[in-house]
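Comments concern the structure below.
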Amino acid sequence: MKISVTAKRMIIAIIITSFVFIAAGGVYYRSYAVFPFAAGVVLMAALNVLKVAMLERAVNNAADMIEKKDAGNYLRVQYMLRLLLTGVVLFIAATDKVPFVSLWGAIAGIFTFQIAAFSLKFYPADDI
């Protein structure tokens with residue numbers, strides 16, 4: 001699957017933002033306690049990269065559909081799938097069954113997608 005310039009920019013922004021969050025966590029914790037936080041951020045950032053690819057694929061598939069109703073239903077199902085994946089990762093982070101993943105790290109990782117989407121505003125429109 002060929003990935004668009006916009007998706008590449010979002011993925012790069014997600015990675016940079018996750019490194020910033022991990023560095024901020026390192027400054028806050030100043031010990032080995034940063035590792036569960038970093039694991040949460042990395043887990044959610046990896047999911048966000050997957051969500052960017054899923055979103056691009058869903059939009060491309062919906063654009064190829066003839067019926068508007070089918071495209072709308074397809075996009076709704078894809079959105080619910082991405083939301084479900086986010087909920088699963090948050091559930092994994094919230095339970096004590098996986099102690100090496102911090103809930104706070106996962107919550108910080110959620111924001112990487114929104115920050116990446118917002119950062120697209122600052123790129124020139126003629127490159128896209």
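These values consider heavy atoms only, across backbone and side chains, with no hydrogens, waters or symmetry-generated copies.
Note on Val49 and Leu55: same hydrophobic cluster, where clusters join Ile, Leu, Val, Met, Phe, Trp and Tyr whose side-chain heavy atoms are under 4.5 Å apart, directly or indirectly. One hydrophobic cluster, built from ILVMFWY side chains closer than 4.5 Å, holds both Leu85 and Ile107.
The nearest pair of heavy atoms linking Ser119 to Ala13 is OG-CB, 3.6 Å. Heavy-atom minimum distance, Gly40 versus Val101: CA-CG1, 3.8 Å.
Not one N or O on the side chain of Asp70 forms a donor-acceptor pair closer than 3.5 Å with the backbone of Met65. No donor-acceptor pair under 3.5 Å is formed between the side chain of Glu56 and the backbone N or O of Ala7. Under the 3.5 Å distance criterion, the side-chain polar atoms of Thr86 are matched with a main-chain donor or acceptor of Arg82.
As a member of the Ile/Leu/Val/Met/Phe/Trp/Tyr network built from side-chain separations under 4.5 Å, Val77 groups with nothing else and remains a singleton.
Remark: the Asn60 side chain and the Arg57 side chain contain no N/O donor-acceptor pair separated by less than 3.5 Å.
Each of Ile115, Leu43, Thr112 was compared with Ser18 under the side-chain contact (heavy atoms from CB on, under 4.5 Å) criterion, and only Thr112 meets it.
Phe113 has its side chain out of reach of Met44: every pair of non-hydrogen atoms, C-beta onward, lies at least 4.5 Å apart. A heavy-atom distance below 4.5 Å is not found between the side chains of Val34 and Val27. For the pair Asn48 and Ile110, the minimum side-chain heavy-atom distance is 4.5 Å or more. Two residues are said to be in side-chain contact when any heavy atoms from C-beta on lie closer than 4.5 Å; Val88 and Leu47 fail this criterion.
Scored by the side-chain contact (heavy atoms from CB on, under 4.5 Å) test, Ile12 finds Ile16 as partners (sequence neighbours excluded). Not a single side-chain hydrogen bond (donor to acceptor under 3.5 Å, both in side chains) links Thr17 to another residue, sequence neighbours left out.
Environment of CZ in Phe19: sparse, with no more than 12 heavy atoms of neighbouring residues, nucleotides or ligands closer than 6.0 Å. Annotation: Phe111, atom CZ; neighbour count of heavy atoms from other residues, nucleotides and ligands within 6.0 Å does not exceed 12.
Using the six-membered ring where Trp is involved, Phe35 and Tyr32 have ring planes that are parallel, under 30° apart on the 30 and 60° scheme.
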